[in-house]
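Notes to accompany the following structure.
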There are 2 protein chains.
Amino acid sequence: MEEMRVVAQPNLRELVAGRIRQAISSGRFKPGQRLIERELCEMLGVSRTSVREALREIESEGLVTNLPNRGPIVAMVSRETAESIYQVRMSLEGLAVRLFVQRASDEEVQALALAFKTMSSTRARGSSLTYLDAKSAFYRILLDGCRNTVVSEMLKSIHNRVHLLRVTSLSQKDRIRASTEEMRHILDAIVGRDEQKAVKLMEQHLENAASAALAAIDARDANPAG
Amino acid sequence: MEEMRVVAQPNLRELVAGRIRQAISSGRFKPGQRLIERELCEMLGVSRTSVREALREIESEGLVTNLPNRGPIVAMVSRETAESIYQVRMSLEGLAVRLFVQRASDEEVQALALAFKTMSSTRARGSSLTYLDAKSAFYRILLDGCRNTVVSEMLKSIHNRVHLLRVTSLSQKDRIRASTEEMRHILDAIVGRDEQKAVKLMEQHLENAASAALAAIDARDANPAG
DNA sequence: GTCAATATTATTGTATGACAGCCTGTTCGT
DNA sequence: ACGAACAGGCTGTCATACAATAATATTGAC
């Protein structure tokens with residue numbers, strides 16, 4: 001047994017989907033922007049077949065909207081949809097945190113604590129990019145520790161859609177600081193294996209996050225500049 | 001303005017996806033069965049392009065699993081996955097019922113009551129098919145009344161995956177009766193606009209449903225016949 | 001006769017080219 | 001300036017092709 005392949009090699013289409021996803025999440029492709037198949041093909045050096053299948057996948061994640069006979073555009077998240085997203089997020093992250101407390105090993109809890117530390121220290125220096133990376137790492141550990149692939153998948157999708165908003169954390173420095181503080185408390189509850197408390201704190205945290213995000217959206221929508 | 005088209009005409013690929021979905025949900029395609037592209041093409045009279053794109057869509061809903069270089073099979077839901085599905089379902093239907101109580105108009109509540117009546121009466125005569133149809137109708141009203149498209153979409157997907165189990169309601173007659181009784185109480189709470197109670201009852205209901213389903217799965221897995 | 005090596009086949013994964021149909025913007029006639 | 005014909009771009013779908021891979025059948029050794 002030379003090699004145990006655990007991670008299935010991704011298809012070309014998976015790779016393409018990943019690249020497009022990243023371009024959207026990173027803000028390189030902006031909401032409302034058309035995604036023209038030919039351009040994506042040239043940009044990625046693959047055929048329309050692969051691009052189209054990748055787009056179907058991303059579409060079902062809600063990152064892309066398909067206008068009939070017009071083609072795909074980067075999804076534009078309305079205020080209503082944003083509200084819906086946050087409601088679902090609250091519900092599912094509540095579940096996730098509860099499962100994590102119930103199921104995660106002490107090592108996983110420790111890894112989560114470390115990830116939080118990294119996160120809060122990257123916050124100190126500027127570079128909002130690495131802050132988001134650290135936050136992603138934090139969530140990855142949380143979702144893995146749940147041992148529930150369904151909630152994991154759904155929350156990954158939800159998080160991508162939240163990134164699409166790109167109004168939350170970035171715009172309000174105060175909110176980042178408060179958010180980190182809230183997460184510290186959540187972490188404490190997790191470390192103390194206090195299920196109820198962790199869930200409650202997570203829900204409050206997301207309630208606050210939602211308020212901030214929705215306020216930012218309202219500002220955006222009121223502002224003609226977009 | 002002769003006609004206000006509200007419902008976008010479905011693409012060919014959407015139609016194909018719908019047909020395949022239906023074939024899976026109805027049990028015509030059984031878990032583990034290979035879905036060979038050529039056969040689907042012939043069966044539906046469309047090209048591989050359309051079939052493949054439809055399969056991508058269904059795959060991301062969890063109804064189909066893609067084996068690398070082997071192609072898609074109807075998803076086989078393991079006990080673990082079933083547990084995960086029910087945990088998520090509990091969480092999201094809790095949210096759904098809460099939103100419905102908060103937001104649904106009196107007309108919608110009444111429609112829900114009617115749908116339940118239909119459901120419980122179809123239960124009296126045999127025909128488990130129409131019972132499931134009536135149950136679908138009930139849920140459609142519930143999800144529409146939520147005014148949260150995100151939870152709606154996710155629960156549709158979850159319900160499809162639950163159908164895939166096909167061990168829940170059908171196998172145990174007692175369970176159907178008890179389930180209907182539980183739903184009656186949920187409905188009562190909804191009609192009374194008692195949010196807390198409705199959510200709690202729904203969670204209990206799904207807890208019971210999960211127990212029954214998991215027990216049936218354990219029986220299935222213990223039985224070599226499959 | 002059994003097992004390993006090899007050939008065969010079936011099917012996917014991807015690319016290419018084609019074309020009708022739908023939008024959009026433009027030009028042209030009036 | 002206003003609406004109608006026109007042109008271009010893009011999607012939606014089909015057909016075809018072919019390499020890569022997995023499953024199956026076949027051969028051959030012992």
Side-chain angles (χ1 to χ4, degrees), chain A residues 1-21 23-24 29-61 63-76, chain B residues 1-21 23-24 29-61 63-76:
Chain A
M1 200 188 319
E2 278 198 19
E3 176 185 18
M4 283 249 288
R5 203 172 267 299
V6 176
V7 183
Q9 50 156 1
N11 299 338
L12 193 48
R13 120 175 60 101
E14 280 302 329
L15 289 174
V16 169
R19 296 290 294 274
I20 298 177
R21 229 182 257 118
I24 294 177
F29 293 162
K30 296 186 201 322
Q33 178 180 340
R34 285 186 70 176
L35 298 177
I36 291 161
E37 292 176 5
R38 185 179 43 72
E39 291 178 2
L40 295 174
C41 292
E42 288 168 6
M43 172 188 255
L44 298 165
V46 298
S47 72
R48 263 182 90 196
T49 312
S50 305
V51 166
R52 283 180 65 89
E53 291 191 14
L55 283 172
R56 289 293 93 68
E57 192 175 320
I58 299 175
E59 185 186 349
S60 65
E61 295 170 10
L63 286 184
V64 151
T65 306
N66 221 336
L67 308 180
N69 291 315
R70 193 85 209 290
I73 64 174
V74 178
M76 294 188 293
Chain B
M1 199 187 317
E2 277 197 22
E3 177 186 17
M4 284 252 284
R5 203 173 267 299
V6 175
V7 182
Q9 48 155 6
N11 298 338
L12 193 47
R13 120 176 57 101
E14 280 301 330
L15 289 174
V16 169
R19 296 290 293 274
I20 298 176
R21 227 181 260 118
I24 294 177
F29 293 162
K30 297 188 200 321
Q33 176 179 343
R34 285 185 71 179
L35 299 177
I36 291 159
E37 292 175 4
R38 185 179 42 75
E39 290 178 2
L40 295 174
C41 293
E42 288 168 7
M43 171 190 254
L44 298 165
V46 298
S47 72
R48 264 182 87 196
T49 311
S50 304
V51 166
R52 283 181 64 89
E53 290 190 14
L55 283 172
R56 291 290 94 69
E57 193 176 320
I58 298 176
E59 185 186 349
S60 66
E61 295 169 12
L63 286 184
V64 151
T65 307
N66 221 334
L67 307 179
N69 290 315
R70 193 85 213 289
I73 62 174
V74 177
M76 293 187 294

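What you are looking at is a predicted structure, and each value in this text was computed from that prediction instead of being measured. Residue numbers begin at 1 in each chain, while the letters A, B, ... track the order of the sequences.
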Margin query: So if I apply the side chain to side chain contact (heavy atoms under 4.5 Å, CB included) rule between A:Glu14 and each of A:Val16, A:Leu12, A:Asn11, which one comes out positive?
Written below: A:Asn11

Check: Taking A:Thr65 as the fixed residue, which of A:Leu35, A:Val74, A:Ile73 is the one that meets the side chain to side chain contact (heavy atoms under 4.5 Å, CB included) rule?
Finding: A:Ile73

Checklist line | Approximate separation, where rounding is to 0.5 Å, of A:Arg13 CZ and A:Ser47 OG | finding: 11.5 Å

Next item on the list: Send over the distance from A:Arg56 CZ to D:dT11 P, rounded to a whole Å.
Entry: 10 Å

Checklist line | Whole angstrom value for the distance that separates P of D:dT24 from CG of B:Asn69 | finding: 15 Å

Note to self: Using whole Å, what does the distance between atom C1' of nucleotide D:dC10 and atom CZ of A:Arg34 come to?
What the structure shows: 7 Å

Next item on the list: Starting from C1' on C:dC22, measure out to CG on B:Leu12 and report it in whole angstrom.
Entry: 16 Å

Next item on the list: Could you state the atom-to-atom distance from CD of B:Glu14 to C1' of D:dT11 in whole Å?
Entry: 15 Å

Item checked: Polar side-chain atom of A:Arg34 near backbone of A:Arg70 as donor-acceptor pair, under 3.5 Å -> yes

Note to self: Rounded to whole Å, please give me the gap between CG in A:Asn66 and P in C:dC22.
What the structure shows: 16 Å

Note to self: Taking the side chain as everything from C-beta on, heavy atoms only, tell me whether A:Leu55 gets closer than 4.5 Å to A:Leu40.
What the structure shows: yes

Notebook entry, point to check: Side chain of B:Arg70: nearest nucleotide among D:dA22, C:dT14, D:dT11?
Noted result: D:dA22

Margin query: side-chain contact (heavy atoms from CB on, under 4.5 Å) for B:Arg52 and B:Arg48? Distances and angles first, verdict last.
Written below: CA-CA 6 Å; B:Arg52 283 181 64 89; B:Arg48 264 182 87 196; 3.9 Å; yes

Next item on the list: Please report the closest heavy-atom contact between A:Pro31 and A:Ala75, naming both atoms and the distance.
Entry: CB-O, 3.5 Å

Check: For DNA chain C, which residues in residues 44-55 of chain B have a heavy atom at a distance below 4.0 Å?
Finding: B:Arg48, B:Arg52

Check: Any side-chain heavy atom of B:Arg21 sitting closer than 4.5 Å to one from B:Glu57?
Finding: yes

Notebook entry, point to check: Roughly, in whole Å, what's the span from CZ in B:Arg13 to C1' in D:dC14?
Noted result: 14 Å

Next item on the list: Mind running side-chain contact (heavy atoms from CB on, under 4.5 Å) on A:Asn66 and A:Arg56 for me, showing each step along the way?
Entry: CA-CA 9 Å; A:Asn66 221 336; A:Arg56 289 293 93 68; 2.6 Å; yes

Checklist line | Atom-pair distance (CD1 on B:Ile73; P on D:dA22), nearest Å | finding: 15 Å

Check: Using a heavy-atom distance cut-off of less than 4.0 Å, which residues of residues 35-42 of chain B contact DNA chain D?
Finding: none

